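Everything quoted here is computed from the prediction, not taken from an experiment. Below, each value reflects all heavy atoms present in this structure, side chains not excepted, and no hydrogens, waters or symmetry copies. Residue numbers count from 1 along this sequence.
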Amino acid sequence: MSQRRENVEDGKELLFDHGAPFFTANNTEVLSLVHEWESKGLAAIWKEKFGSFDHTSNKFVDLEQEGLISKRYVGIPGMNSVCRALCREPGVESKFGTSVGRLEWLEDQNLWSLIGLDGQNLGQFKGVVATDKNIVSPRFTSVTGKPLPLDLKLFPELAVKLNDIPVRPCFALMIAFAEPLTSIPFKGFSIKNSEVLSWAHCDSSKPGRSTSSERWVLHSTMEYAQRIIAQTGLQKLSDATLTKVAEELFQELQSLGLNISQPFFKKAHRWGSAFPATSIAREEKCLWDGNKRFAICGDFCVSPDVEGAIVSGLAAASKLSELFSCL
């Protein structure tokens, strides 16, 4: 649930939900949370029509007519609004721009010590909840050049589940138009039989968004992203590579025959670990070690979506709260 700010030459600021475009809620606990967020003005239903486009037949299908509809929720005024609000909850101290490079278990003190990527001591803690699957993935070393933050020898029973969780990568293209794209009958649609694009949505059609321009976000197929990553690796991409990706994604959108005008803004973003390809704790909802008060949670535990991440986070919170209530 993220939002990105981009500035154009005239100083105008553009906002894009370049990650998850929306979320659904079927779990009772999650629904209760969502209704609370709605009451606080942090979330709302995205009441637009959605469809599916077949690149082979060049035809749209209305998902509502097919009966394939469910309530789609979005954060207000951006998808990161819920997370920002949680960071401001009483008793929460948030640190931004800080990366944890190492988690050390201090056996003699029965505490966790967190060390930053730059070697800075971030403090000692009674318990830790980790939500980034890459703390035990070789991808962390590929990107940072540093050893894994968490020594799996501390959790031999969890090592098999945690070792290199497979992911489905994605590239996102953020584009902005001066005028509405009237040739597209839906504000969000999946794309079938394309080797390049899998999804497109009109970000500015969401409630609480600026309508001074029409902004769209496109998602690539997993296969396209894998092909680019195989060529470039996981290091930071050059501007030339991102420009090339942006052109290819936009050209694919134009090839759909939808009479798409030229945008005044166009930028690609690599979402290297977009969707987990497996669920490692579908029954338990999270991974937990009560002796060391350590939990790992996220969409990779339950299901590859926002609701799955919430369910897993609630399970981890429950484990910690139960433990500390007994201390």
Between atom [atom1] of [X] and atom [atom2] of [Y], what is the distance when rounded to the nearest 0.5 Å?
X	Y	atom1	atom2	value
Lys267	His18	NZ	NE2	10.0 Å
Leu242	Leu237	CG	CG	5.0 Å
Met174	Arg215	CE	CZ	12.0 Å
Trp46	Arg72	CH2	CZ	8.0 Å
Leu181	Asn259	CG	CG	9.0 Å
Glu38	Leu31	CD	CG	9.0 Å

Kindly check if the number of other-residue, nucleotide or ligand heavy atoms within 6.0 Å of [atom1] ([X]) is above 12?
X	atom1	result
Gln254	CD	yes
Asn121	CG	yes
Lys206	NZ	yes

Scanning both residues in full, the closest heavy-atom pair of Pro21 with Val74 reads O-CG1, 3.6 Å

Of all heavy-atom pairs linking Ile135 and Ala130, the shortest is CD1-CB, 3.6 Å

Donor-acceptor pair between [X] and [Y] side chains, under 3.5 angstrom:
X	Y	result
Ser279	Arg282	yes
Ser194	Glu252	yes
Ser318	Ser321	no
Trp199	His201	yes
Asn193	Thr56	yes

Indicate the ring-plane relationship of Phe186 and Phe60, choosing parallel, tilted or perpendicular according to the 30° and 60° boundaries.
tilted

- Query: Phe294 vs Phe155 aromatic rings, parallel, tilted or perpendicular, using cut-offs 30° and 60°?
  - Reply: parallel

Full working for salt bridge (charged side-chain N to carboxylate O under 4.0 Å, His left out) between Lys12 and Glu6:
CA-CA 8 Å; Lys12 183 185 299 182; Glu6 297 289 348; over 6 Å; no

Main chain of [Y], side chain of [X]: is a donor-acceptor contact present, judged purely on distance under 3.5 Å?
X	Y	answer
Ser312	Cys297	no
Asn80	Cys83	no
Thr278	Ile280	no
Asp305	Gly308	yes

Answer yes when [X] and [Y] have at least one side-chain N-carboxylate O distance shorter than 4.0 Å, and no when they do not.
X	Y	value
Asp17	Arg209	yes
Lys95	Glu93	yes
Arg227	Glu223	no
Glu283	Lys285	no

Verdict with reasoning, Ser204 to Thr211, per side-chain hydrogen bond (donor to acceptor under 3.5 Å, both in side chains): CA-CA 6 Å; Ser204 52; Thr211 55; over 6 Å; no

Checklist entry - Strictly under 6.0 Å, is that where the ring centroids of His219 and Trp271 end up? => result yes

